[in-house]
Each structure stands twice: as structure tokens, then as C-alpha cells.
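From a predicted model like this one, the values you see are computed outputs, not experimental measurements. Computed from heavy atoms alone, side chains included, the values below leave out hydrogens, waters and symmetry copies.
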Amino acid sequence: MTNRRVRSGILLLSMLAMGWLQPGCGGGGGGGLSNKHPGDNDVKVVACFGDSFTDGVVCACPPYPSRLAGMIGKTIVNAGIHGTLAADNVGRAQAVIDQYHPGFMLILYGVGDIIHGFGAGSTAAAIGQMVEICRQNDVVPVLATYPIPMGDHQAFANGTTLLNSRLRSLAKEEGLECVDLEAEFNEDPDLYEADGLHPNDAGTQIMAMAFADLF
């Protein structure tokens with residue numbers, strides 16, 4: 001895994017030098033994510049917004065926001081709530097912004113919606129509303145795809161794949177950075193908890209590293 005990430009970093013630097021890299025899902029940008037017009041927000045504060053993947057309650061390990069804090073030297077707010085859905089949490093994005101005034105919001109939402117029978121289109125639309133709320137409040141939003149479910153959650157693999165495709169399209173349309181956790185995990189069972197859905201200790205570290213690459 002370490003060698004793969006080193007090779008990926010070398011390729012990323014080459015793409016940046018040649019001007020090939022554009023906003024969108026690519027595994028963590030190329031560093032230097034900025035908020036040039038933060039308004040009343042603090043560019044040293046990053047809100048991690050999402051479900052159990054962000055909350056980290058499933059793995060008996062530090063969640064990715066805690067690890068990210070030590071990697072990028074910013075104040076990290078863990079605004080993840082286990083078991084919540086994108087469809088029900090659009091308004092919570094505003095509440096988190098009002099409370100913490102972050103310069104950035106990392107949005108990882110949607111797999112719960114797929115599991116509960118919501119379509120990829122309506123789920124992506126809810127996430128698009130979160131993006132709009134961020135922009136209305138001078139917060140830079142970042143999207144992320146999900147690792148493809150395996151094992152006990154294999155039945156939701158196709159729906160998650162479709163959701164990820166919609167999220168990549170949304171990122172491209174809106175000119176957003178998007179961390180491609182689907183590509184980072186590459187359905188490697190060594191990165192999942194026994195449920196085949198949530199990241200284990202190694203997977204959580206990969207998540208943190210992928211988000212850290214943005215900054």
C-alpha cells in the first residue's frame with residue numbers, strides 16, 4: 001500500500017506540472033486547497049460532515065477526522081452522526097456552519113440512503129443542496145465517494161457504484177475537489193471491517209491520508 005501511494009504521488013506531481021489535473025474525483029487533489037473568500041469563517045477549521053464513516057463509531061480505532069487533524073495542522077470538527085442519511089441532513093449542514101464557521105467542509109454522505117432504498121439521483125441531489133449551502137456561506141465544500149460494499153453488504157454494491165458516479169459528475173459540474181475513496185479502497189478486503197461496509201483501522205488511515213492530500 002505504501003509503495004502504491006508513493007507511485008501515485010509521483011504521478012500526481014507530474015500531472016500538476018503538465019497542467020492535466022482538474023477539479024473532480026481523483027483520490028485527494030494535489031494539495032493547496034484554499035478558501036480565498038472565507039467571509040466570517042476560519043480557514044484553519046475543517047468540518048467533516050457525514051455518517052458513521054465520519055463518526056467512526058463502528059471501528060474500535062480513531063476516526064478519520066482525528067487522524068486528519070494530526071496530518072494537516074488544522075482544527076478538525078467531527079460532525080459525523082452514525083446512522084444518519086443525506087436526505088435528512090441537508091439542514092444540519094447549515095447548523096454545523098453556524099456553530100463552527102469552518103473554512104472547509106468535507107462531505108461524505110449517501111451510502112446509508114442507498115441501504116435504506118433511496119435512489120442515487122435523489123441522494124446526490126441532497127448532497128448538491130449541501131454544496132449550495134456551503135457556497136452560500138463562503139465555505140469550500142469537498143465531496144467523496146464511498147468504498148464499494150462487500151460481504152454482508154454486497155447487495156448494495158451496485159447502488160453505491162451508481163451513487164459514486166453521480167458524485168463524480170456533481171464534483172465535475174460544480175468544479176469541486178472530490179476524494180475517490182472507491183479507488184483508494186479498490187475493494188481490498190483488508191481495509192474493511194467484518195461487515196464489509198465500514199473501514200477498519202487500516203482503511204480509516206487510508207481515508208485520512210486521502211483527505212490530507214487535499215491540503
Side-chain angles (χ1 to χ4, degrees), residues 1-9 12 25-29 31 33 45-86 89 92 96 100 102 104-115 127 130 141-154 156-157 160-161 163-164 167-168 171 177-215:
M1 183 61 67
T2 300
N3 290 338
R4 181 180 68 80
R5 292 193 63 82
V6 169
R7 290 196 301 271
S8 177
L12 181 59
C25 271
L33 183 68
V45 177
V46 178
C48 300
F49 191 63
D51 51 27
S52 55
F53 279 69
T54 299
D55 184 299
V57 67
V58 175
C59 179
C61 63
Y64 97 77
S66 297
R67 300 174 193 239
L68 182 61
M71 295 177 181
I72 65 174
K74 293 182 183 290
T75 299
I76 306 296
V77 175
N78 189 336
I81 299 179
H82 175 65
T84 56
L85 308 182
N89 280 264
R92 192 167 70 85
V96 170
Y100 298 104
F104 308 89
M105 180 172 279
L106 311 182
I107 301 171
L108 179 57
Y109 248 126
V111 75
D113 299 68
I114 298 300
I115 292 172
I127 295 169
M130 296 175 189
V142 173
L143 300 184
T145 64
Y146 275 92
I148 301 301
M150 306 175 68
D152 292 344
H153 286 83
Q154 179 73 36
F156 306 106
T160 303
T161 298
L163 172 63
N164 287 346
L167 293 176
R168 293 186 188 98
E177 291 284 3
C178 176
V179 175
D180 199 345
L181 296 178
E182 177 183 340
E184 291 283 345
F185 276 61
N186 196 29
E187 298 184 66
D188 181 350
D190 290 337
L191 300 179
Y192 293 76
E193 287 284 306
D195 65 3
L197 178 66
H198 294 91
N200 61 15
D201 185 37
T204 302
Q205 181 70 6
I206 289 295
M207 290 179 65
M209 293 172 69
F211 281 111
D213 285 346
L214 291 167
F215 299 92

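No side-chain heavy atom of F49 sits less than 4.5 Å from a side-chain heavy atom of P141. No side-chain heavy atom of N186 sits less than 4.5 Å from a side-chain heavy atom of L191. Counting only heavy atoms from C-beta outward, the side chains of P102 and V77 never approach each other to under 4.5 Å. Contact of the F185 side chain with the I206 side chain is registered, since non-hydrogen atoms from C-beta on lie closer than 4.5 Å. Residues Q205 and C61 are not in side-chain contact: their nearest non-hydrogen atoms beyond the backbone lie 4.5 Å or more apart. The shortest side-chain heavy-atom distance between M150 and P189 falls under the 4.5 Å cut-off. Side-chain contact between L106 and V179 is absent, with no heavy-atom pair separated by less than 4.5 Å. At a threshold of 4.5 Å between non-hydrogen side-chain atoms, the residues M71 and M209 count as touching.
Residues S66 and P62 come closest through the heavy atom pair CB-CB, 4.4 Å. Nearest heavy-atom pair, A194 versus D152, reported as atom, atom and distance to 0.1 Å: O-OD2, 4.3 Å. Considering every non-hydrogen atom in both A208 and L68, the closest pair reads O-CD1, 3.7 Å. Closest non-hydrogen pair, G80 versus D55, comes out as O-OD2, 3.1 Å. Across every non-hydrogen atom of A79 and R92, the tightest pair is O-NH1, 3.0 Å.
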Audit row: L181, L108, side chain to side chain contact (heavy atoms under 4.5 Å, CB included) steps and yes/no: CA-CA 10 Å; L181 296 178; L108 179 57; 4.0 Å; yes
Steps toward side chain to side chain contact (heavy atoms under 4.5 Å, CB included) verdict (V46, V142): CA-CA 10 Å; V46 178; V142 173; over 6 Å; no
D51 vs Y146, side chain to side chain contact (heavy atoms under 4.5 Å, CB included): CA-CA, chis, key distance, verdict: CA-CA 11 Å; D51 51 27; Y146 275 92; 2.6 Å; yes
Stepwise side chain to side chain contact (heavy atoms under 4.5 Å, CB included) test for I148 and N164: CA-CA 9 Å; I148 301 301; N164 287 346; 3.7 Å; yes
Chi angles and distances behind the side-chain hydrogen bond (donor to acceptor under 3.5 Å, both in side chains) call for Y109, T54: CA-CA 9 Å; Y109 248 126; T54 299; over 6 Å; no
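Within the model, atoms NE2 of H153 and NE2 of H198 stand 7.0 Å from one another, a figure rounded to the nearest 0.5 Å. Taking OG1 from T161 and CD from E182, the interatomic distance works out to 5.0 Å, rounded to the nearest 0.5 Å. Taking CE of M130 as the start and CG of N89 as the end, the distance is 6.0 Å to the nearest 0.5 Å. Rounded to the nearest 0.5 Å, atoms CG (L167) and CG (L143) are 6.0 Å apart. Considering CG of L163 and CZ of F156, their distance stands at 13.5 Å, rounded to 0.5 Å. Rounding to the nearest 0.5 Å places OG1 of T75 at 12.0 Å from OH of Y100.
One N or O on the side chain of D113 and one on the backbone of A86 form a donor-acceptor pair closer than 3.5 Å. Side-chain atoms of N200 come within 3.5 Å of backbone atoms of D190 as a donor-acceptor pair (strictly under, hydrogens ignored). Looking only at distances, no side-chain donor or acceptor of R168 sits under 3.5 Å from a matching main-chain atom of D180.
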